Enquirer: 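Shown below is the structure under consideration.
Source: prediction; values computed, not measured. We use all heavy atoms of the structure for the numbers below, so side chains are in, but hydrogens, waters and symmetry mates are not. In what follows, chains are A, B, ... by sequence order, proteins preceding strands, each numbered from 1.
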There are 2 protein chains.
Amino acid sequence: MKRLSIHKKQNVMRVTLAEVARRAGVSIVTASRALNGNPLVAEATKDRILAASTALRYIPNLLARGLVKDRTATVGVIILELANPFFAPMVSGIQAIAAKRAFLLVVGESRRDEEEERRLVAQFQQLRIGGIILNPVTDTLDHVMAVRSAGTPVVVMARRWEHGEYVATDDVEGGRLVAKHLLQRGYRRIGLVRMGDPNHAPVQARVQGFREVLGAAGLGIPDAWDVQVSGAQITDGIEAVERLLLQAEYPSALFVTSDRKGLGVIHRLHERGLRVPEDVAVIGYDDIPYAECARVPLTTIAVPKRSMGEMAADLLFQRHDGVGPVEPRQVLLSPKLVIRASCP
Amino acid sequence: MKRLSIHKKQNVMRVTLAEVARRAGVSIVTASRALNGNPLVAEATKDRILAASTALRYIPNLLARGLVKDRTATVGVIILELANPFFAPMVSGIQAIAAKRAFLLVVGESRRDEEEERRLVAQFQQLRIGGIILNPVTDTLDHVMAVRSAGTPVVVMARRWEHGEYVATDDVEGGRLVAKHLLQRGYRRIGLVRMGDPNHAPVQARVQGFREVLGAAGLGIPDAWDVQVSGAQITDGIEAVERLLLQAEYPSALFVTSDRKGLGVIHRLHERGLRVPEDVAVIGYDDIPYAECARVPLTTIAVPKRSMGEMAADLLFQRHDGVGPVEPRQVLLSPKLVIRASCP
DNA sequence: ATGAAAGCGCTAACAC
DNA sequence: GTGTTAGCGCTTTCAT
């Protein structure tokens, strides 16, 4: 791993602001002003500078600028998984808003690992990131509060944050919607498939709302029908069915707390010769695009995924620009029931 | 300044390398060396510096470093869509490799817009990005060649690049696999659903291989059964079926060049009362996770999505480190047929 | 309206 | 081993 020792930039003479200025016959400062749209530059001068800039193919150095400003035009995003149709649209929404302002998106995947999340936040700080939008692994957000008090705006997405700004959906309400629908359709023997992780507040909230409504109707979920799996993949849904079918009896309806697991559940139920919804009705959560194309189209709770990303980005930029109220804004969007064949 | 009850540390003295050095009683340079693992620092000194660094919560400024080195520890990634199960795993694979080396991922979505792609590449340059991995919109890659000749490694992903490094799958071969399977199962009345965009080389290649094998068997695809849609969403598959069913006759087998469209196709065929595969067999492409859970599990061509990302990142880092051969490496991975119920 | 000077925080070159 | 000296390319005062 060696490099040129004497003239490191002999092949490619980098075009700097100084070059542009020289070519335009002005000082560096004036060139900088012109390129940044500062009005205190005479039109004629400005035109000359802009012309020089394009002629030389000037590429501004964001690092130099960032060094001075102690901030870059970037948004850091941390989500649990990239390859997850629940998160991907959120990131896409953020990117759309960020692109409008020519901010770059720095994306990290925590893979539900709190350490990884902290590492990413630290790296973001090193880059003097312009702001952070994250779906945190747990509710412990001290690392992020430290960043925020250092002046970097932070918005939590798809999860609530007591001490800061967030854009989330009302998961308790979502759980209620599921329970109400099941009760209304006359189901009483009801099971649950969910991620076991007690740190995962959104799932806890969904289950809470679900139980609340069932409880009010005098119903509960037998332990044997409360299946806890470790992840949120299709395979976890498959595993859940396997475990459920070990029981002497099985429920006539299942609330599966994510669509991916729901797809796996339906898939396996079918393979095991059980009809959906006749033998077991299934309700998922998230309304991913593939829910509709499932073996039996999945009844589910729709969450405004892309909007959450867009709104989070909007909040972030407002904070960045210093507009809006001082107190943290906490946005809770409403989930909606989408009825399909798996639980009509 | 007014006093605030909650956040009181308003004037945070930024911790710089100078602070750390002072506290450790050494010069800035020595501190820099110690923190960068330069062996030319006495153990004792190094320990003192490291201690000072942690005590002060020192956060290195990557912008300053980048300004000197004219390069940052970042990888820029450009894909067509984030919310696409074909690309998301690739990005995840890249991120995994990058994270090992503490490189941050800067992600852009071109949305099949060449202008947007160029804009992103330009922004990457401004950030003095460490390398670029992209799935380009077209084969016109002059913008990227310019970047590369300025010393930034570039790897193309999921597409071939005559003049540079790439990691792709053999789409022509994939198309052949589809045709062979159909022929072997006795299908002769064969239709095609594909994205119409002539710039999209991968689809062109799939179709080319497909036609090649059919042609060798004396078969062709009637124009009426060659349905061209504008996108690669589920809805495009749905639209394709609508168009197909306007015909007097319909094919007994369909090759749909992406799984998402394939899901839409199956969905709509079913809604229109046509059985898959009895009335129409369907083969997709990509093997996204949801293909298996489709109304009728989708026969498809599996592509090593995550591996492509990982390999692209590996290539990039090799180039970055200056190891490996000088000539561009071009990796072509093999697709595999996955037989499921939609075309058994 | 324009420019000169002074850094931003760090690393590289060359001493000692 | 360690320190001194120069910048990297840009944006800020503060002059003019």
Enquirer: Between A/Val107 and B/Gln95, is there a side-chain heavy-atom distance shorter than 4.5 Å?
Expert: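 Heavy-atom side-chain distance check fails, nothing below 4.5 Å.
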Enquirer: Show the nearest heavy-atom pair for residues B/Gly130 and B/Pro153, with the distance to one decimal.
Expert: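 Shortest heavy-atom separation between B/Gly130 and B/Pro153 comes out as O-CD, 3.3 Å.
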Enquirer: For A/Thr72, what residues pass the side chain to side chain contact (heavy atoms under 4.5 Å, CB included) criterion, not counting sequence neighbours?
Expert: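 For A/Thr72, the residues satisfying side chain to side chain contact (heavy atoms under 4.5 Å, CB included) (neighbours in sequence not counted) are A/Thr74, B/Leu63.
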Enquirer: Of the residues in residues 51-62 of chain A, which ones touch DNA chain D at a heavy-atom distance under 4.0 Å?
Expert: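 Within this stretch, A/Tyr58, A/Pro60, A/Asn61 sit under 4.0 Å of the strand.
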Enquirer: Would you say the side-chain atoms of B/Glu109 and A/Ser92 include a donor-acceptor pair closer than 3.5 Å?
Expert: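 There is such a pair (donor and acceptor under 3.5 Å, judged by atom type) between the side chains of B/Glu109 and A/Ser92.
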Enquirer: Using whole Å, report how far CG of A/Leu17 lies from P of C/dA4.
Expert: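 From A/Leu17 CG to C/dA4 P: 14 Å.
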Enquirer: How close do A/Pro325 and A/Arg319 get, counting heavy atoms only, and between which atoms?
Expert: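 Heavy atoms of A/Pro325 and A/Arg319 come nearest at O-NH1, 2.7 Å.
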Enquirer: Please give, in whole Å, the distance from D/dC8 C1' to B/Arg71 CZ?
Expert: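 Spelled out: CZ on B/Arg71 to C1' on D/dC8 is 13 Å.
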Enquirer: When the distance from CG of B/Leu63 to C1' of C/dG7 is rounded to whole Å, what number comes out?
Expert: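 Spelled out: CG on B/Leu63 to C1' on C/dG7 is 15 Å.
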Enquirer: Output the residues of residues 36-49 of chain A in contact with DNA chain D, where contact means a heavy atom of the residue under 4.0 Å from an atom of the strand; sort by number or write none.
Expert: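 Those residues whose heavy atoms fall under 4.0 Å from DNA chain D, taken from residues 36-49 of chain A in numerical order, are A/Asn36.
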Enquirer: Which pair of non-hydrogen atoms, one from A/Glu116 and one from A/Arg119, has the smallest distance, and what is that distance?
Expert: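 Smallest heavy-atom distance, with atoms named: OE1-NH1, 3.0 Å.
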Enquirer: For residues 122-161 of chain B, pull every pair meeting ring pair (Phe, Tyr, Trp, His ring centres under 6.0 Å), keeping only residues two or more places apart or in separate chains.
Expert: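 Non-adjacent pairs meeting ring pair (Phe, Tyr, Trp, His ring centres under 6.0 Å): zero.
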Enquirer: How large an angle, rounded to 10°, do the end axes of the helix from C/dA1-D/dT16 to C/dC16-D/dG1 enclose when each is built from five base pairs?
Expert: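 That helix gives 30° between its end axes.
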Enquirer: Identify, residue by residue, the members of residues 25-32 of chain A with a heavy atom below 4.0 Å from DNA chain C, and return them in order of residue number, or none.
Expert: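 Nucleic-acid contacts, sorted: A/Val26, A/Ser27, A/Val29, A/Thr30.
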Enquirer: Can you give me every donor-acceptor pair (side chain of residues 46-55 of chain B, partner residue at least two apart or in another chain, under 3.5 Å) with its distance?
Expert:
| from | atom 1 | to | atom 2 | distance (Å) |
| --- | --- | --- | --- | --- |
| B/Arg48 | NE | B/Ala24 | O | 3.0 |
| B/Arg48 | NH2 | B/Ala24 | O | 3.1 |
| B/Thr54 | OG1 | B/Leu50 | O | 2.9 |
| B/Thr54 | OG1 | B/Ala51 | O | 3.0 |

Enquirer: Given atom CZ of B/Arg65 and atom P of C/dC8, what is their separation to the nearest angstrom?
Expert: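 Whole-Å distance recorded here is 19 Å.
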Enquirer: Can you pull the ring pair (Phe, Tyr, Trp, His ring centres under 6.0 Å) pairs that have at least one residue in residues 16-69 of chain A, sequence neighbours excluded?
Expert: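 Pairs touching residues 16-69 of chain A that pass the test: none.
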Enquirer: In whole Å, what is the span from the CG atom of A/Leu35 to the P atom of D/dG9?
Expert: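 Taking CG of A/Leu35 and P of D/dG9, I get 16 Å after rounding.
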Enquirer: In whole Å, what is the span from the CG atom of A/Leu67 to the P atom of C/dA6?
Expert: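 Atom-to-atom, A/Leu67 to C/dA6, this comes out as 18 Å.
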Enquirer: Under 3.5 Å, sequence neighbours excluded: what are the donor-acceptor pairs made by side chains of residues 135-142 of chain B?
Expert:
| from | atom 1 | to | atom 2 | distance (Å) |
| --- | --- | --- | --- | --- |
| B/Asn135 | ND2 | B/Met157 | O | 2.8 |
| B/Asn135 | ND2 | B/Ala158 | O | 3.4 |
| B/Thr138 | OG1 | B/Glu114 | OE2 | 3.4 |
| B/Thr138 | OG1 | B/Thr140 | N | 3.1 |
| B/Asp139 | OD1 | B/Arg159 | NE | 3.1 |
| B/Asp139 | OD1 | B/Arg159 | NH2 | 3.3 |
| B/Asp142 | OD1 | B/Arg118 | NH2 | 3.1 |
| B/Asp142 | OD2 | B/Arg118 | NH2 | 2.5 |

Enquirer: Please report the distance, rounded to the nearest Å, between CG in B/Asp70 and C1' in D/dC8.
Expert: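 Distance check: B/Asp70 CG to D/dC8 C1' gives 8 Å.
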Enquirer: Tell me, please, which residues at least two apart from A/Leu67 pass side chain to side chain contact (heavy atoms under 4.5 Å, CB included).
Expert: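 Partners of A/Leu67 under the side chain to side chain contact (heavy atoms under 4.5 Å, CB included) test: B/Asn61, B/Ala64, B/Leu67.
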Enquirer: Which atom pairs, donor and acceptor, lie under 3.5 Å between side-chain atoms of residues 75-82 of chain B and protein residues at least two apart or in another chain?
Expert:
| from | atom 1 | to | atom 2 | distance (Å) |
| --- | --- | --- | --- | --- |
| B/Glu81 | OE1 | B/Gln233 | NE2 | 3.1 |
| B/Glu81 | OE1 | B/Arg260 | NH2 | 3.4 |
| B/Glu81 | OE2 | B/Asn84 | ND2 | 2.8 |
| B/Glu81 | OE2 | B/Arg112 | NH2 | 3.4 |
| B/Glu81 | OE2 | B/Arg260 | NH2 | 2.8 |

Enquirer: Over how many whole Å does the gap from A/Leu127 atom CG to C/dC10 atom P extend?
Expert: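 Value for this atom pair: 14 Å.
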Enquirer: If every non-hydrogen atom of A/Ala31 is compared with every non-hydrogen atom of A/Val26, which pair is closest and at what distance?
Expert: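 That would be N-CG2, 4.2 Å.
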Enquirer: Kindly point out which of C/dA12, D/dC10, D/dG3 is positioned nearest to the side chain of B/Arg33?
Expert: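 So the side chain of B/Arg33 is nearest to D/dG3.
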Enquirer: With sequence neighbours left out, write down each residue that passes side chain to side chain contact (heavy atoms under 4.5 Å, CB included) with A/Leu62, or none if nothing qualifies.
Expert: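 In terms of side chain to side chain contact (heavy atoms under 4.5 Å, CB included), with neighbours along the sequence ignored, A/Leu62 is linked to A/Arg65, B/Gln126.
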